[in-house]
Asker: 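Next up is a structure, given as structure tokens.
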Amino acid sequence: MTQRCQSWLNSLFLLSQQNPPKFVEILMIALALIMFSIWTLQLNQLPYVILGLAFVISASTSLLVRQTTTPITPTYRPSRLGYFLAIASLTTSIYTLIHILLPYL
């Protein structure tokens, strides 16, 4: 078990060194999942859902910026599905955030 954990930590460490933006995106999505899990277990805790949505919006924006600024080479071509999922996630999160915060404004 400890060997699996060390292997997982080593691969996470290598990812953080080789591709820092992707590591930050994965970290933000993991934190968003944690925030949404806490929100599901403890209802009526609005800060958890707002923070989770902020993480999703940040990760989606980072993914879109990274895909649009990366030059297209013969070995790398960004997928249309990636663009679609990032835009869909971004718009859904913004809509949900506005819908949740609207009664408090």
Asker: Once rounded to the nearest 0.5 Å, what's the spacing between atom CG of L63 and atom CG of L90?
Answerer: 10.0 Å

Asker: Please report the closest heavy-atom contact between M28 and S58, naming both atoms and the distance.
Answerer: SD-CB, 3.5 Å

Asker: Would you name the heavy atoms of T92 and T96 that are closest together and state the gap between them?
Answerer: O-OG1, 2.7 Å

Asker: Calculate, to the nearest 0.5 Å, the distance between atoms CD1 and CG belonging to I100 and L102 respectively.
Answerer: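 The distance works out to 11.0 Å.
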
Asker: Are L33 and M35 connected in a single hydrophobic cluster, I mean Ile/Leu/Val/Met/Phe/Trp/Tyr linked by side-chain heavy atoms less than 4.5 Å apart?
Answerer: no

Asker: Hey, could you give me the CG/OH distance between L53 and Y48, rounded to the nearest 0.5 Å?
Answerer: 15.0 Å

Asker: Group every Ile, Leu, Val, Met, Phe, Trp and Tyr by side-chain heavy-atom contacts under 4.5 Å, then state whether F23 and V65 land in the same group.
Answerer: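 The answer is no; the residues belong to distinct hydrophobic clusters.
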
Asker: In Å, rounded to the nearest 0.5 Å, how long is the span from OG1 of T91 to CD1 of I57?
Answerer: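 It is 10.0 Å, given to the nearest 0.5 Å.
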
Asker: Quick check: is F36 connected to L51 through a chain of hydrophobic side chains (ILVMFWY, heavy atoms under 4.5 Å apart)?
Answerer: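 Linked, L51 and F36 end up in one cluster.
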
Asker: For a side-chain contact (heavy atoms from CB on, under 4.5 Å) check, start with the C-alpha distance between L97 and V49, then their side-chain angles and the critical distance, and finish with the verdict.
Answerer: CA-CA 9 Å; L97 189 63; V49 73; over 6 Å; no

Asker: Yes or no on side-chain contact (heavy atoms from CB on, under 4.5 Å) for S89 and S93, after CA distance, side-chain angles and deciding distance?
Answerer: CA-CA 6 Å; S89 173; S93 299; 4.2 Å; yes

Asker: Assigning hydrophobic clusters by single linkage (Ile, Leu, Val, Met, Phe, Trp, Tyr; side-chain heavy-atom cutoff under 4.5 Å), is Y95 placed with I98?
Answerer: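 They do not share one cluster, since no chain of ILVMFWY contacts under 4.5 Å joins Y95 to I98.
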
Asker: In Å, rounded to the nearest 0.5 Å, how long is the span from CZ of R66 to CG of N19?
Answerer: 5.5 Å

Asker: Look at the side-chain heavy atoms of Ile, Leu, Val, Met, Phe, Trp and Tyr, link any pair under 4.5 Å apart, and say whether F55 and L46 land in one connected group.
Answerer: yes

